[in-house]
Amino acid sequence: MHVLAVNCGSSSIKGKLYSVPSKDKPLDLIAQLSVSNISSKGEKVKISVKWANEQGKDVNEQGEDGGTVECELAWQ
């Protein structure tokens, strides 16, 4: 079983992915994620994923200007 904790702000999204080993043991951190500069005009959107204990490939990328990114609702 896994737990994804997400914190969404006006210009960033942060999260952590945990594994739940058993009910008597603490959560085990698997990965941390960050998306920043989402609404920052003139700044590139930054995407970062860092894996604990080399469980995956770390990602550090930049996207388009945060002020030009448009979102659409996935539900109605």
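What you see is a predicted model; the values in this text were computed from it and never measured. Heavy-atom basis, side chains included; hydrogens, waters and symmetry copies ignored.
Interatomic distance, OG of Ser19 versus CG of Leu27, reported as 8.5 Å (0.5 Å rounding). With rounding to the nearest 0.5 angstrom, the CD atom of Glu61 is 13.0 Å from the NZ atom of Lys44. Rounded to the nearest 0.5 Å, atoms NZ (Lys46) and CG (Asn60) are 10.0 Å apart.
The main-chain N or O of Lys57 is found under 3.5 Å from a side-chain atom of Trp51 such that the two form a donor-acceptor pair.
Side chains of Leu17 and Leu33 form no contact here, defined as non-hydrogen atoms less than 4.5 Å apart. Side chains of Val49 and Asp58 form no contact here, defined as non-hydrogen atoms less than 4.5 Å apart.
Leu4 and Val20 fall into different hydrophobic clusters, where Ile, Leu, Val, Met, Phe, Trp and Tyr residues are linked whenever their side-chain heavy atoms come under 4.5 Å apart, directly or through other members. The cluster map of Ile, Leu, Val, Met, Phe, Trp and Tyr, joined by side-chain heavy atoms under 4.5 Å apart, puts Val45 and Val6 in the same cluster.
Residues Cys8 and Ile13 approach most closely at SG-CG2, 4.1 Å, considering heavy atoms. Minimum interatomic distance between Ser12 and Ser36 (heavy atoms only, all atoms of both residues): CB-CA, 4.1 Å. Residues Tyr18 and Ile30 share a closest heavy-atom pair of C-CD1, 3.9 Å.
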